[in-house]
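Taking it in order: structure first as structure tokens, then the write-up.
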Amino acid sequence: MKKKINTQQKTNWFLYVGGAITLFMTALIVMGYLWTPYEPNAMDASCMAQAPGLAHLMGTDNFGRDIFSRVLQGAGTTFFIALCVVAIGAVAGTVIGGLTGYFGGWGDEVLMRVCDSITAFPSILLALVVIAVLGPGKWNVIWVLGILFIPSFARIVRGEFAKCKHLNYVKSAHLMGAGHIRIMVRHILPNILPVLLPAISIGFNNAVLAEASMSFLGIGVSPTEASLGRMLSDGQAYLLRGLPWYALCVGCTIVMLILGFSMLGEGLQQRRRR
């Protein structure tokens, strides 16, 4: 008897679970921009260091501030910074990588050597040095990390453009009279999106970790603005002093934010391989 061919594809659980977690975290962040149960920076001496309960879902910190409200605001800050960093890195990296990969020549050599010079140093260490010189602040963090993320995207896009420019559909577009810009934007770019989307997901995770690390060390966003990294640093001091839920709630928020995009990126890669 002939064996039956199993044509059913396995369920891509990484894509579905990662997408669900990402949507849930995004919904919380949007809610934090529109509404919070309490004023995130409002202090209340009558309810300091309260355990999680109905009045305060994640408890209160040592100043009586509602941790859930601060987590919503801090997650929004971290999400906004990571989104801007990835946008700068992806857009600039796509332009640089597309031009160098498509045209090649001396411009390719110069720009790639610049990218090599940037990636020769650990990105977090280089960002710490630059921020220490420029001073902390949300926009300083965004521009520094955004520039440091450009080489990784440029290398991915350069390789894909260099490969696609020799394919038949590009040659056919040339014969039909299409210009270089039209070919790059209308023909090659849509075909490299399956490769670019997982890179964006991974870049977002790296941006979240980078921002949280810098804020944890005290050189990220300003102290007046809530950030997950700074809140984790504040909660660490009280982890073994009767206030463990502060650091645990903030840490779980960072883990969930990264886990959702990590699983989403893995799911996109599995879908591309199929």
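In terms of hydrophobic clustering, with Ile, Leu, Val, Met, Phe, Trp and Tyr side chains grouped at heavy-atom distances under 4.5 Å, M112 and V114 are assigned to different clusters. Criterion: ILVMFWY side-chain heavy atoms under 4.5 Å apart, direct or through other members. Under it, I147 and V141 are not part of a common hydrophobic cluster. Under the 4.5 Å side-chain heavy-atom criterion for grouping Ile, Leu, Val, Met, Phe, Trp and Tyr, L145 is connected to L209 within one hydrophobic cluster. Note: the hydrophobic cluster containing Y238 also contains I254 (ILVMFWY, side chain heavy atoms under 4.5 Å, direct or indirect links). Under the 4.5 Å side-chain heavy-atom criterion for grouping Ile, Leu, Val, Met, Phe, Trp and Tyr, Y38 is not connected to V250 through any hydrophobic cluster.
A heavy-atom distance below 4.5 Å is not found between the side chains of D61 and D234. Y246 has its side chain within reach of R70: a pair of non-hydrogen atoms, C-beta onward, lies under 4.5 Å apart. Looking at heavy atoms from C-beta onward, L264 lies in side-chain contact with L15 at the 4.5 angstrom threshold. Two residues are said to be in side-chain contact when any heavy atoms from C-beta on lie closer than 4.5 Å; H56 and I67 fail this criterion. W143 places a side-chain heavy atom less than 4.5 Å from the side chain of I88. Using a 4.5 Å heavy-atom threshold, the side chains of L128 and M214 count as touching. Annotation: side chain of T22 is not in contact with side chain of M263 (no heavy-atom distance under 4.5 Å). Between N191 and Y169 the shortest side-chain heavy-atom distance falls below 4.5 Å.
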**Message:** Run L126 and L148 through side-chain contact (heavy atoms from CB on, under 4.5 Å) and show every step you take.
**Reply:** CA-CA 9 Å; L126 189 58; L148 293 177; 3.4 Å; yes
**Request:** Dump the intermediate steps for side-chain contact (heavy atoms from CB on, under 4.5 Å) on L196 and E160, then the final yes or no.
**Result:** CA-CA 9 Å; L196 193 58; E160 292 299 316; over 6 Å; no
**Request:** Determine, step by step, whether T36 and Q73 satisfy the side-chain contact (heavy atoms from CB on, under 4.5 Å) criterion, reporting the C-alpha distance in whole Å, the side-chain angles of both residues, the deciding distance to 0.1 Å, and the verdict.
**Result:** CA-CA 8 Å; T36 55; Q73 187 185 63; 5.6 Å; no
**Derivation and outcome, side-chain contact (heavy atoms from CB on, under 4.5 Å), residues I29 and L257** = CA-CA 10 Å; I29 290 170; L257 193 60; 4.2 Å; yes
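Under the 3.5 Å distance criterion, the side-chain polar atoms of W245 are matched with a main-chain donor or acceptor of Q50. Side chain of T60 to main chain of A49: a donor-acceptor pair is present (N/O by atom type, distance under 3.5 Å, no hydrogens or angles). Between the side chain of S227 and the backbone N or O of S215, no donor-acceptor pair lies under 3.5 Å. Checked by atom type and distance alone, the side chain of T78 never pairs as donor or acceptor with a backbone atom of A75 at under 3.5 Å.
Note that CZ of F14 is 5.5 Å distant from CD of Q270, once rounded to the nearest 0.5 Å. Between the NZ atom of K138 and the CD1 atom of I81 there is a distance of 6.5 Å, given to the nearest 0.5 Å.
Residue-environment remark: OH (Y33) exceeds the threshold of 12 foreign heavy atoms within 6.0 Å.
Taking the six-membered ring for Trp, F204 and F261 have ring centres closer than 6.0 Å. If you look at W35 and F68, their ring centroids are not closer than 6.0 Å.
Nearest heavy atom pair, residue I183 against residue A173, reads CG1-CB, 4.0 Å. Nearest heavy atoms, C164 versus I192: SG-CG2, 4.1 Å.
Not counting sequence neighbours, the partners of P198 by the side chain to side chain contact (heavy atoms under 4.5 Å, CB included) test are L268, Q269. Residues satisfying the side-chain hydrogen bond (donor to acceptor under 3.5 Å, both in side chains) test with N205, not counting sequence neighbours, are S262.
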